[in-house]
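Below is one structure, written out as structure tokens; comments come after it.
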Amino acid sequence: MKGEPSINTNNFTAVQLMELDACVRCGECVNWCPTYDAANKDPGLAPRDKILRWKKFMDKSYGLRARLFGPKAIPEEEIEQFKDDVYGCTTCAMCATVCEVGINTVELWESMRANLVKRGNGPFGKQSMFVKLIGEYMNPYMADNKDRLNWITEDIKIADKAEILYFGGCTAELREAKLALATARVLNKLGIEFTMLGEDECCCCSALVRTGQYEIEDIARKAARSNVDGIVAKGAKTVVYACAGCFRASLVDWPRLLGEELPFKVVHITEFLEGLIKEGKIEWEKPFDNLTVTYHDPCHLGRHVGVFQPPRSVLNSIPGLNLKEMDRIKENQRCCGAGGGVKAGIPDLALKVAETRVQDALAKNPDILSSACPFCRRNLSDGRDSLGADELVVEDVIVLTAEALGIDLED
Ligand code: SF4
Ligand code: SF4
């Protein structure tokens, strides 16, 4: 009797199975992969080789020979090694951007991860805690969800219901509170009435989707449902995000998880501010003292959903800030190293990629390295610290915006 294939096709679409065959082995993706580079060109991390290895797994399980004589067993250690390698990826989408034949590699990595999670191999290391933590605490930081509100000072006005809702996100509210504070105070200062989900806000579940754990215990779908219903109950028509990961998850992952369109518009805070700048509704009160700033595109805001110009428009409009671009920007930007569960699962690799990105910035000798994502800011700050580049300020665009509006973030 023929045995069961070692690897099955769970979580792959028909298009993705064809994409495995479409790779022409040109190696362009390998030239640009930041984790392959940071891991001393470890061949296991090369995107092309992951596609070819998985295709080999599929051939052994379903190819012509398998159909005639039964599937050929794949040694467990080979599958385990593949699992380690496919998680050494920040899902930065650089390989997808340069792929000669247009393979959506990021979604392939995510499908491979989900397949391996179901098989009992994935995820990697501490990433397995995400399901339990988000299921139990509604955030991945094991914080009492009421602590989300700790950054809110008495002066901040948050309406009970409003047409605009600020979705704070776990990392900003629980780890990068200055960013949440800056966002709320900027909205207040500009006279924008907004509401928040507060302690009812649940993790956006980006970490679960990126690490292939989106089906486990249905946590990701339940979280998306709870957030969407909560946002609707608050009367919001537009949801504003200052976190690139939450923004991408809401725009792309929530509709997929729920199988429905979102009943509200989602925008990144820099898009929102760019609109106000164009309408002449922002008056800068406190110009910077002729400082040079460079901007790092978060993968989840840039390559994943195409928001490149709005953060630059905001920085360009702030008086006294001179934007000097790094060599690799926009579609070609180099990842900060934190995404795809790498910061939690393989922190050494995350740090090495961050160091390289900080070096990209240092080559332009700026005063400030800015970004538009709390996760990027954290990892770039770690990279700056490990390089000992103490003179470089790493700060979010919204914090720079707050400062130029004359908002004090220290009290
Ligand atoms: S998504 Fe980024 S890190 Fe992952 S394989 Fe592609 S280029 Fe490398
Ligand atoms: S760029 Fe695309 S076609 Fe070329 S090796 Fe990479 S995945 Fe294959």
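Residue numbers start at 1 and run along the sequence shown. Whatever order the structure lists them in is the order used to number ligands and atoms, beginning at 1. Predicted model only: the values in this text are computed from it and were never measured.
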Carefully, step by step, assess Glu355 and Lys352 under the rule salt bridge (charged side-chain N to carboxylate O under 4.0 Å, His left out). CA-CA 5 Å; Glu355 286 173 357; Lys352 275 198 158 181; over 6 Å; no
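- The protein heavy atom nearest to atom 8 (Fe) of ligand 1 is Cys33 SG, 2.4 Å.
- Taking the centre and axis of the six-membered ring of Tyr87, the NZ or CZ atom of Arg113 falls inside the cone set by 45° and 6.0 Å.
- Residue-level proximity to ligand 2 for Ile51 is carried by the side chain, the only part with a heavy atom below 4.0 angstrom.
- Under 4.0 angstrom from ligand 1, there are no non-hydrogen atoms of Thr105.
- For atom 4 (Fe) of ligand 1, the closest non-hydrogen atom of the protein is Cys89 SG, 2.3 Å.
- Counting only distances under 2.8 Å, and ignoring water, the protein N, O or S atoms around atom 4 (Fe) of ligand 2 are Cys26 SG.
- The salt bridge (Lys or Arg N to Asp or Glu O under 4.0 Å) with Glu395 is formed by just one residue from the set Arg378, Lys178, Arg384; it is Lys178.
- We find that Arg119 and Glu76 are joined by a salt bridge, their nearest charged nitrogen and carboxylate oxygen being less than 4.0 Å apart.
- Salt bridge status for Arg256 with Glu107: present, with a side-chain N to carboxylate O gap under 4.0 Å.
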Please determine whether salt bridge (charged side-chain N to carboxylate O under 4.0 Å, His left out) holds for the pair Asp297 and Arg312, giving the CA-CA distance in whole Å, both sets of side-chain angles, and the decisive distance to 0.1 Å. CA-CA 10 Å; Asp297 291 274; Arg312 292 178 165 82; 2.7 Å; yes
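- Partners of Trp254 under the ring pair (Phe, Tyr, Trp, His ring centres under 6.0 Å) rule, at least two apart in sequence or in another chain, are Phe167.
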